[in-house]
Amino acid sequence: MSQSLRLFNHASTPNLTFPSNPNTKQCYSYLPKPSSTYNRRFPLISIRASSSSSDLDSSSPLLVSDNGKGAVISREEEYPVAAGSIEVDSVTETELKENGFRSTRRTKLVCTIGPSTCGFDQLESLAVGGMNVARINMCHGTRDWHRQVIQLVRRLNEDKGYAVAIMMDTEGSEIHMGDLGGASSAKAEDGEIWTFSVRAFDSTLPERTINVNYDGFAEDVKVGDDLLVDGGMVRFEVIEKIGPDVKCRCTDPGLLLPRANLTFWRDGSLVRERNAMLPTISSKDWLDIDFGIAEGVDFIAISFVKSAEVIKHLKSYIAARSRDGDIAVIAKIESIDSLKNLEEIVQASDGAMVARGDLGAQIPLEQVPSAQQRIVQVCRQLNKPVIVASQLLESMIEYPTPTRAEVADVSEAVRQRADALMLSGESAMGQFPEKALAVLRSVSLRIERWWREEKRHEAMELPDIGSSFSDKISEEICSSAAKMGHMASLLSRCRPDCPIFAFTTTTSVRRRLNLQWGLIPFRLSFSDDMESNLNKTFSLLKARNLIKSGDLVIAVSDMLQSIQVMNVP
Ligand SMILES: Nc1ncnc2c1ncn2[C@@H]1O[C@H](COP(=O)(O)OP(=O)(O)OP(=O)(O)O)[C@@H](O)[C@H]1O
Ligand SMILES: CC(=O)C(=O)O
Ligand SMILES: [K+]
Ligand SMILES: [Mg+2]
């Protein structure tokens, strides 16, 4: 570390130190001295590397270390990383070795697991194809089925060196159809009369009959209402009410899928007075959440969030029950109320999902794109990961190639710098899950490469988010480090034009970091001595051919409240 430059280090200097070496770059930062001892809540090392010391260009990698919030423990029996070893996702490692830093994918990919993808080999193919997070949707399947999937993903991670995280998505208590008596779908033709009923049918469903999960349904609808299945994929008009049965005429034909969402509209507006009384988290959802906690999922996504309160409540519920409180809560933005209360919901959550399927059933379709843009922007402002979901490649449920419009939609989400893109039916029950994932991957890579080529490092005005003094210092350190390479970065939030290597001692933190834009999580053991941590990290990365001697790096550590610029020894 001969060319090492210590720009600022509170551990050793009472005040500000400027570089004295004339060969060093004029890229120091001015930071106030913290009033208290080191804040260890967010230990960060960020290291920006490039091929030569004169090449501080903005596309070289940034390495970040994050121990997560506080204590370094996880729910699993946390086994220490063997001294002299570093764990990294095997796919990422191969990509890094083959293509170098610059081409690593920044946009993360979430796949919904369903009948098409629930086998070990299928899950492995998705992991090889770049799946960062596996989503299980509690609307469908039994808990035993989901447990099986979770166990397979675990096995995949342990046996094959992946770090695929698991996201459990709650059913929520909106109105939806029953499961079609076991049929995988049913076709509703123009003009047909169907019965929507809240009756419990003990044996098989009568023909053209749909079960509805909400007891108040027959009371709430009125003759003349429009009944939309799945946000308008199929449309009916209510023509008659007979006790618990509601007779409807099909006005827009289409395919009915099991447990599809139902909304009803009157005089051009969504009817939601009674819906609004349903709890966001139903009693069945609470059982699913208990299941998720017991199984140690990494994320719980909450459907139809209406306010920040429910998120806060769930977070304290998890904190009290999960051993380490390390399950991240993702707010699904898919209702009018969630858009109204967006900022406070996102602020209360650990991330958000633009759940365009149901959102498009609650607001006019033409408003969905602007809602998406706003949600992505708010999440980034508030430094929360955001997932863009639903119908990204819907046609690929049936066909092996996407439509041009779908590719344009995926490109737009990548361009907005969403943290992650999600597959739903494409991977859950489609015929081409791996091909759909490959399209997400190649479109992401293409757009990201285009940024590099065009040098489009979109800078966004980012408000200060640190509330404590030490947090503010960390923020300052990170943005100063980013500015050195003429690029924006408060780490992932700044969407720097470089990959970010994230180091953690914890398996569960490593998996959670997998959702965030540009972060490549590694696991290794740390000591209290940052200097030796850095050296150890370098030698481990070098041994794996992930960096090489001479690479210029910037190390940012809020454990030491310091920035160092150095060449990899
Ligand atoms: N575990 C599962 N078992 C069977 N089918 C599933 C499962 N998960 C998903 N699917 C199928 O894939 C489709 C798309 O999945 P997706 O997760 O988007 O569900 P959804 O019903 O649209 O609800 P949501 O609004 O929660 O996304 C579902 O409609 C269902 O047919
Ligand atoms: C993902 C989801 O829940 C939706 O799009 O509605
Ligand atoms: K759901
Ligand atoms: Mg939904």
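Order of appearance sets the numbers: ligands from 1, and atoms from 1 within every ligand.
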[X] to ligand 1, any heavy atom closer than 4.0 Å:
X	result
M429	yes
P115	yes
T112	yes
R135	yes

Got the closest protein heavy atom to [atom], with its distance?
atom	answer
atom 2 (C) of ligand 2	A355 CB, 3.4 Å
atom 15 (O) of ligand 1	G425 N, 4.0 Å
atom 18 (O) of ligand 1	S424 CB, 3.1 Å
atom 26 (O) of ligand 1	N137 ND2, 3.1 Å
atom 25 (O) of ligand 1	D358 OD2, 2.9 Å
atom 1 (C) of ligand 2	S390 OG, 3.4 Å

Worksheet item: Is at least one protein non-hydrogen atom found at under 4.0 angstrom from atom 12 (O) of ligand 1?
Response: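 Yes; the ligand atom in question has protein heavy-atom contact below 4.0 Å.
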Worksheet item: Would F299 and V297 count as a side chain to side chain contact (heavy atoms under 4.5 Å, CB included) if you check the C-alpha gap in whole Å, the side-chain angles of each, and the deciding distance to 0.1 Å?
Response: CA-CA 6 Å; F299 300 94; V297 300; over 6 Å; no
Item to complete: Under 2.8 Å from the Mg ion (ligand 4), which protein N, O or S atoms are there? Could you list them by chain and number?
Response: E334 OE1, D358 OD2
Response to the item:
Residues at least two apart in sequence or cross-chain that pass salt bridge (charged side-chain N to carboxylate O under 4.0 Å, His left out) with R235, listed by chain then number, are D252
Examine the side chains of [X] and [Y] and answer whether a donor and an acceptor come within less than 3.5 Å of each other.
X	Y	answer
W450	E448	no
S282	E171	no
N137	D169	no
D245	S197	yes
Q347	E343	no

Worksheet item: Counting from 1, what ligand 2 atoms have a heavy atom of G357 closer than 4.0 Å?
Response: 4 (C), 5 (O), 6 (O)
Item to complete: Apply the salt bridge (Lys or Arg N to Asp or Glu O under 4.0 Å) test between D350 and each candidate in K384, K312, K315; give the one that qualifies.
Response: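 Between D350 and the candidates, salt bridge (Lys or Arg N to Asp or Glu O under 4.0 Å) is satisfied uniquely by K315.
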Worksheet item: In ligand 1, which numbered atoms sit nearer than 4.0 Å to a non-hydrogen atom of A428?
Response: 9 (C), 10 (N), 12 (O)
Discussion item. Does R249 have more than 12 heavy atoms from other residues, nucleotides or ligands lying within 6.0 Å of its CZ?
Written reply: no
Worksheet item: Hey, is OH on Y399 packed in by over 12 heavy atoms from elsewhere, all under 6.0 Å?
Response: no
With under 30° as parallel and over 60° as perpendicular, where do the rings of [X] and [Y] fit, or are they tilted in between?
X	Y	value
F196	F236	perpendicular
H146	F291	perpendicular
W286	H313	perpendicular

Worksheet item: When only distance counts, is S424 in polar contact with ligand 2, meaning an N/O pair under 3.5 Å?
Response: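 No; the residue has no nitrogen or oxygen that sits under 3.5 Å from a nitrogen or oxygen of the ligand.
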Which of the listed options, [options], holds the heavy atom that is closest to [atom]?
atom	options	result
atom 6 (O) of ligand 2	D358, T170, L359	D358
atom 21 (O) of ligand 1	E334, K332, H140	H140
atom 3 (O) of ligand 2	R356, Q362, K332, Q391	K332

Fill in: Closest non-hydrogen atom pair, C118 against I113
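Result for this residue pair: CA-CG2, 3.9 Å.
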Worksheet item: Under 3.5 Å between some N or O of ligand 1 and some N or O of W145?
Response: no
Worksheet item: What about D230: any of its N or O atoms under 3.5 Å from an N or O on ligand 1?
Response: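 Looking only at distances, the answer is no, because the N/O contact criterion of under 3.5 Å is not met.
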Discussion item. What's the separation between atom CE in M131 and atom NZ in K108, rounded to the nearest 0.5 Å?
Written reply: 13.5 Å
